[in-house]
2 protein chains.
Amino acid sequence: MSDHPLREFDLHTFLPYRLVAAANRTSRAFAERYRSEFGISIAEWRVLAHLNHAGAVSVRDIEARVDMEKSKVSRAASRLQDAGYITKHVNGGDRRLLELRLTPSGQALVARLLPVAVAYQQEMLERLGDAAPGLIKALDILLRDLPPGNGET
Amino acid sequence: MSDHPLREFDLHTFLPYRLVAAANRTSRAFAERYRSEFGISIAEWRVLAHLNHAGAVSVRDIEARVDMEKSKVSRAASRLQDAGYITKHVNGGDRRLLELRLTPSGQALVARLLPVAVAYQQEMLERLGDAAPGLIKALDILLRDLPPGNGET
DNA sequence: CAGAATTCATTGCAAGTGCAACAATGTCAA
DNA sequence: TTGACATTGTTGCACTTGCAATGAATTCTG
């Protein structure tokens, strides 16, 4: 009859906490490989991966498809441009838009990056074993139901 | 036979990206409730939840158990102290250690916070439906296998 | 017991973040 | 056409973050 019932709540069994903690660890381990081997951040990796997949795209496009604020995209793109991995050109049709493109050097970087990414995913799937399909299904639901809301960390 | 095979890689099917995106959205929606209703951040929420569950604890303890850098814990604790929700006392036995404790005001805050957290988790479980056990199982594996690595955002 | 090594919490700093404001461009209606 | 409104990308700003350095306290070792 004391005030103890609240004490039963334990962060370690709290699903949102567990999800975020697992994601942070996954992300951090992955980011570490990219940073040490190639000197790029997660934001930059996302821009590169999307450019590789989609060809010439605008900042707005990337913002919409990659769960990043436009200012974050913009700055990541500037860093990539400074490093010579992408170019920015104003779109002829609508001069508010930029066309971001991989340079040959950027394509070469992506070609080295992707195998690392695929390998990391593969390790993850192996760790998960038969829990993998369940995770994928759950992520589908969460990504479908929750608003994009930009943030990353 | 062109250079296109790499193009097949799509961030949207990349498991680490999906995990992080889902976690960020979950976390952001949750943080929004806390911030608007109670004016506290996720870092502060974690400290409060752990103090509520564990009683008097040191910064080091929280760092180990809550996936946060000690500097982050330290600053969150200082903000909570300024707001009157916790106290800091030097431990008598080992004077390097702090004992963080909830004040009555902090206990009252937690009593209002926890139902919101439990309700949020409940909503999440309902959205997941029968995908929930699979997610829980996968998170168990990931949290067991991956190094703590601090970071959060 | 003295001095080296370790642990704990805080803080300075550089870098990154989100948000709001902004300039430039484009669209639409009267 | 003109003027109101919308959209795109960048930037200023205040704030947060992680890391390394620091100072205080404790433990270990010879």
Side-chain angles (χ1 to χ4, degrees), chain A residues 20 24-25 27-29 31-32 34-36 39-47 56-83 86-101 147-153, chain B residues 20 24-25 27-29 31-32 35-36 39-47 56-82 86-101 147-153:
Chain A
V20 170
N24 284 339
R25 294 184 191 186
S27 176
R28 167 169 291 249
E32 179 51 32
Y34 273 55
R35 200 182 48 72
S36 66
I40 68 170
S41 71
I42 293 229
E44 289 151 21
W45 144 252
R46 288 191 188 175
V47 171
V57 227
S58 69
V59 170
R60 183 65 176 173
D61 254 311
I62 302 181
E63 174 184 17
R65 294 178 179 279
V66 168
D67 251 65
M68 283 170 53
E69 268 260 324
K70 62 180 175 176
S71 63
K72 203 172 176 180
V73 174
S74 173
R75 293 192 250 238
S78 294
R79 289 190 295 266
L80 290 170
Q81 184 185 35
D82 290 347
I86 71 170
T87 57
K88 299 180 184 177
H89 290 297
V90 267
N91 180 310
D94 183 340
R95 284 157 53 205
R96 292 169 304 181
L97 295 171
L98 284 186
E99 280 179 0
L100 307 185
R101 278 178 201 283
N150 304 332
E152 174 209 2
T153 185
Chain B
V20 169
N24 285 339
R25 294 184 191 186
S27 177
R28 167 169 288 248
E32 178 51 31
R35 201 184 48 71
S36 66
I40 68 170
S41 71
I42 293 229
E44 289 152 21
W45 144 252
R46 288 191 188 176
V47 171
V57 228
S58 69
V59 169
R60 182 67 177 170
D61 253 311
I62 301 181
E63 174 184 17
R65 292 177 179 281
V66 169
D67 251 63
M68 284 168 53
E69 268 259 325
K70 62 182 174 176
S71 64
K72 202 171 176 180
V73 175
S74 175
R75 293 191 250 237
S78 293
R79 288 191 295 266
L80 290 170
Q81 184 186 34
D82 290 347
I86 71 170
T87 57
K88 298 179 183 177
H89 291 297
V90 267
N91 180 308
D94 182 339
R95 283 157 52 203
R96 292 169 304 182
L97 295 171
L98 285 185
E99 281 179 357
L100 307 184
R101 279 178 201 282
N150 304 331
E152 174 209 0
T153 274

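Labels below follow one simple rule: chain letters A, B, ... track the order of the sequence lines, proteins then strands, and each chain is numbered from 1. What you are looking at is a predicted structure, and each value in this text was computed from that prediction instead of being measured.
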**Under the side chain to side chain donor-acceptor pair (under 3.5 Å) test, residues paired with Glu32(B) that sit two or more places apart** =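 Result, side chain to side chain donor-acceptor pair (under 3.5 Å) vs Glu32(B): Arg35(B).
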**With Arg95(B) via salt bridge (charged side-chain N to carboxylate O under 4.0 Å, His left out) - residues at least two apart** =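 For Arg95(B) there are no salt bridge (charged side-chain N to carboxylate O under 4.0 Å, His left out) partners, ignoring immediate neighbours.
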**Message:** For Arg75(B), give me all partners under salt bridge (charged side-chain N to carboxylate O under 4.0 Å, His left out), at least two apart in sequence or on another chain.
**Reply:**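 Partners of Arg75(B) under the salt bridge (charged side-chain N to carboxylate O under 4.0 Å, His left out) test: none.
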In whole Å, what is the span from the [atom1] atom of [X] to the [atom2] atom of [N]?
X        : N       : atom1 : atom2 : value
Ile40(A) : dA15(C) : CD1   : C1'   : 17 Å
Asn24(B) : dT17(C) : CG    : C1'   : 13 Å
Glu69(B) : dC8(C)  : CD    : P     : 14 Å
Asp82(A) : dA15(C) : CG    : C1'   : 15 Å
Asn91(B) : dT7(C)  : CG    : P     : 17 Å

**Message:** Restricting to side-chain contact (heavy atoms from CB on, under 4.5 Å), what partner residues turn up for Ser74(A), sequence neighbours left out?
**Reply:**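 Result, side-chain contact (heavy atoms from CB on, under 4.5 Å) vs Ser74(A): none returned.
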**Message:** My understanding is that only residues two or more places apart in sequence, or in another chain, count here; which of them pass side-chain contact (heavy atoms from CB on, under 4.5 Å) with Arg101(A)?
**Reply:**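 With sequence neighbours excluded, Arg101(A) shows a side-chain contact (heavy atoms from CB on, under 4.5 Å) to Ala56(A), Thr87(A), Glu99(A), given in chain and number order.
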**Item:** Residue met sooner reading DNA chain C from 5', once Arg95(A) and Ser41(A) are mapped to nucleotides
**Value:**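 Nearer the 5' end of the strand: Ser41(A).
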**Prompt:** For every nucleotide of nucleotides 9-16 of chain D, 5' to 3': is a protein heavy atom under 4.0 Å from its base (B), only from its sugar-phosphate (S), or from neither (-)?
**Reply:** BBBB----
**Item:** Short N-O contact, Arg46(B) and Asp67(B), less than 4.0 angstrom
**Value:**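 Result for this pair is no, no salt bridge flagged.
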